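Remember, it's 1-based here, ligands and their atoms both numbered in the order they're listed. Not measured: the values here are computed from a predicted model. Computed from heavy atoms alone, side chains included, the values below leave out hydrogens, waters and symmetry copies.
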Amino acid sequence: MKALLIVDVQNDFCTGGVLAAKGGEEVAPVINKIASKFNYVIASKDWHPPKTKHFDKWPPHCVQDTHGADFHNALNAEIINDIAYKGTGTIDDGYSAFEATNFDLAEKLKEHQISEVYVSGIATDYCVLSTALDALKAGFKTFVLTDAIRGVNLEPNDAEKALLQMEKAGCILVTSEEV
Ligand code: VGL
């Protein structure tokens, strides 16, 4: 069984957001189009309290119950079976969807007999990277949807480097057409 993980397609990571990945919202139509090919779809939300150590490293973003933390409206909410909330404490970064605090994501995927995980969303160089590496560690065959991710690129090649890192670790890079 196959699961689609949609990482952090939230306003603050899209055009106009405080931590925007260039063209972040462009992942949404790609994700909407392929969602029906999966047995189970989980979307993660970065969901920070107003004060957290995480904001020593980053400008405040995705604060709980704010517009910035809402899913971008280009993402079809009806495709989502479950939402994984992460970074909800005052010390955790919560980069990986496997650090969700409302349930154990690896357990949930196993309950749904998932063996293959496809990772999409934002940002390639942070939360997508951490989520894909954790999916491998948890024993899932892990695919990264290269046309359904966008990077923050604080340094110009960060997203490209992250892709190489994921591939080296054992992730399989595919496009949405190949699903
Ligand atoms: C993210 C930077 C800081 C992400 C979250 O969603 O990739 N990036 N917090």
Distance-only donor-acceptor hits, side chain of residues 62-69, under 3.5 Å, sequence neighbours excluded:
{"from": "Q64", "atom 1": "NE2", "to": "W47", "atom 2": "O", "distance (Å)": "3.0"}
{"from": "T66", "atom 1": "OG1", "to": "V63", "atom 2": "O", "distance (Å)": "2.6"}
{"from": "H67", "atom 1": "NE2", "to": "N11", "atom 2": "ND2", "distance (Å)": "3.3"}

Picking from T101, T131, D8, D93, what satisfies side chain to side chain donor-acceptor pair (under 3.5 Å) with K86?
D8
Just list the N/O pairs, ligand 1 to protein, that are under 3.5 Å apart, with the distance for each.
{"from": "ligand 1", "atom 1": "6 (O)", "to": "D8", "atom 2": "OD2", "distance (Å)": "2.8"}
{"from": "ligand 1", "atom 1": "7 (O)", "to": "A123", "atom 2": "N", "distance (Å)": "3.0"}
{"from": "ligand 1", "atom 1": "7 (O)", "to": "C127", "atom 2": "N", "distance (Å)": "3.0"}
{"from": "ligand 1", "atom 1": "9 (N)", "to": "H54", "atom 2": "NE2", "distance (Å)": "3.4"}
{"from": "ligand 1", "atom 1": "9 (N)", "to": "H61", "atom 2": "NE2", "distance (Å)": "3.3"}

Tell me if the NZ atom of K33 is crowded by more than 12 foreign heavy atoms within 6.0 Å.
no
Tell me which pairs pass side chain to side chain donor-acceptor pair (under 3.5 Å) where either residue lies in residues 139-154, with sequence neighbours left out.
E26-R150, D147-S176
Could you tell me whether K108 sits above the aromatic face of F103, with NZ or CZ closer than 6.0 angstrom to the six-membered ring centre and within 45 degrees of the axis?
yes
Contacts of type side-chain hydrogen bond (donor to acceptor under 3.5 Å, both in side chains), residue T124, not counting sequence neighbours
none
